[in-house]
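Here the structure is laid out as structure tokens; the discussion comes afterwards.
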Amino acid sequence: MTRNAAPRARRSRFGAPLPATFYDRPTEQVARDLLGTVLEHRTAEGIAAGRIVETEAYIGEHDLACHAAAGKTNRTAPLYGPPGIAYVYFIYGMYWCVNAVTRAEGEPSAVLIRAIEPVVGLDLMRARRPRARSEIELTNGPGKLCLALAIGRKENWSDLRRSSLVIRAGTPVRDRDVMVTPRIGVSRCADWPLRWLVRDNPWVSKTPRHFLASSG
DNA sequence: ATCCGGATCGCCT
DNA sequence: GGCGATCCGGATG
């Protein structure tokens, strides 16, 4: 029968790592196209990976919600680095969030990974997220997914093509399954439509009201 | 289902 | 000194 899904240690369970040229494009386009790709982190504990279902674009020094609005500092330096590296920042004295650095018109820009759908390493994620009361709560937020995948300070500046933290090609998401909304949790430029999400996916951090009608 | 405050600290004003 | 690209638990309707 179909016994070719060998559970043997396989270097890449999914597609190839996304090339640098993928990230070296307008940030909105990168944010859109990251939907459906797979974020994978290999550690001594094992492999944990998930399908990206929600992203946000932060575009340059003139986007006041973007950390680069503060200019180039020790903290924001990765945003000025090459497309395809990770920008991992510490927030609220407690949590980490991971971005993929892009390059929009030479501006320091990045895409925040806001939610993933767990695919590999569910037990590992549960162990790392003892407070999650459901599979959904494992990774339905930018801080949560970093806990589940053990992404932190060490992953800042990582090359997302060839480090322990990789983004691989996955199953593309059709346009009709993609929604765009304003970004979450920002007070400045709060109405800019720079958040992309997979419609009806349970792992999306905050489902837009417009699509809650089905439950009424 | 929704709202609110506390936790906790690095960074910019 | 004050505020975050957040999460969680408890209170409220």
Side-chain angles (χ1 to χ4, degrees), chain A residues 23 27-28 30-32 34-35 39 50 52-81 85-102 104 107-116 118 125-157 160 165 167 179-197 202-216:
Chain A
Y23 301 98
T27 307
E28 298 96 317
V30 176
R32 157 66 178 89
L34 276 174
L35 295 179
L39 179 65
I52 295 174
V53 297
E54 180 182 349
T55 60
E56 281 177 359
Y58 288 86
I59 311 177
E61 299 182 343
H62 296 289
D63 173 2
L64 296 184
C66 181
H67 290 169
K72 186 173 181 179
T73 66
N74 269 347
R75 183 201 197 196
T76 65
L79 290 171
Y80 295 76
I85 65 169
Y87 167 47
V88 182
Y89 68 88
F90 189 56
I91 189 66
Y92 295 116
M94 228 175 302
Y95 299 106
W96 297 91
C97 293
V98 62
N99 294 252
V101 171
T102 64
E107 289 284 317
S109 309
V111 174
L112 170 68
I113 312 300
R114 280 197 60 90
I116 63 174
M125 295 191 207
R126 289 187 195 100
R128 290 165 171 168
R129 295 268 305 127
R131 293 188 136 137
R133 297 191 204 181
S134 70
E135 199 163 300
I136 289 173
E137 290 179 6
L138 248 26
T139 55
N140 65 341
K144 297 175 189 177
L145 73 89
C146 281
L147 287 168
L149 264 54
I151 296 171
R153 184 195 309 276
K154 290 192 305 294
E155 283 64 48
N156 198 21
W157 291 99
L160 292 170
L165 185 64
I167 299 181
M179 283 190 62
V180 183
T181 79
R183 294 172 291 188
I184 301 292
V186 302
S187 55
R188 301 180 298 185
C189 308
D191 54 343
W192 293 13
L194 293 177
R195 173 179 178 241
W196 283 259
L197 58 92
W203 279 269
V204 166
S205 66
K206 294 187 180 178
T207 305
R209 284 173 173 277
H210 181 59
F211 287 94
L212 288 177
S214 58
S215 66

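Lettering of chains follows the sequences in order, A, B, ..., and the numbering in each one begins at 1.
With dC7(C), dC8(C), dC12(B) as the candidates, the nucleotide lying closest to the side chain of R129(A) is dC8(C). Comparing dA5(C), dG4(C), dG10(B) by their closest approach to the side chain of F90(A) singles out dG10(B). Nearest to the side-chain atoms of M94(A) among the listed nucleotides dG4(C), dA7(B), dT6(C) stands dA7(B).
The pair E137(A)-K144(A) fails the salt-bridge criterion, with no side-chain N (NZ, NE, NH1 or NH2) lying under 4.0 Å from an Asp/Glu carboxylate O.
Remark: C1' of dT8(B) and OH of Y92(A) are 12 Å apart, rounded to the nearest angstrom. The nearest whole Å value for the distance from the NZ atom in K206(A) to the P atom in dA5(C) is 13 Å. If you measure from atom CG of N74(A) to atom C1' of dC11(B), you get 11 Å, rounded to the nearest angstrom.
Lacking a ring centre under 5.5 Å from that of the base six-membered ring together with a plane angle below 30°, Y95(A) does not count as stacked on dT6(C).
Without hydrogens or angle criteria, E28(A) side chain to L194(A) main chain gives no donor-acceptor distance under 3.5 Å. A donor-acceptor pair under 3.5 Å is formed between the side chain of T55(A) and the backbone N or O of A31(A). Side chain of E54(A) to backbone of S205(A): a donor-acceptor contact under 3.5 angstrom is found.
One donor-acceptor pair, N or O on each side, does fall under 3.5 Å between the base of dA5(C) and the side chain of Y89(A).
Note on T73(A): every side-chain N or O is 4.0 Å or more away from OP1 and OP2 of dC11(B). The side chain of R131(A) contributes an N or O atom lying less than 4.0 Å from OP1 or OP2 of dG9(C).
In this pair, Y87(A) and H67(A) present their aromatic rings perpendicular. The plane angle is above 60°, beyond the 30 to 60° band.
Using the Watson-Crick or G-U wobble rule with both distances under 3.5 Å, dT8(B) pairs with nothing in any strand shown.
A residue-by-residue look at G185(A) and L147(A) shows that G185(A) has its nearest nucleotide of DNA chain C further toward the 5' end.
Nucleic acid contact for N99(A): base, since at least one base atom lies under 4.0 Å from a heavy atom of the residue. Backbone-only engagement by G143(A) is indicated by non-hydrogen atom pairs under 4.0 Å involving sugar-phosphate atoms exclusively. Among the heavy atoms of the strands, none lies under 4.0 Å from R153(A). Counting non-hydrogen atoms under 4.0 angstrom, R183(A) reaches nothing in the nucleic acid. Using a 4.0 Å heavy-atom criterion, one finds that R133(A) contacts the sugar-phosphate atoms exclusively.
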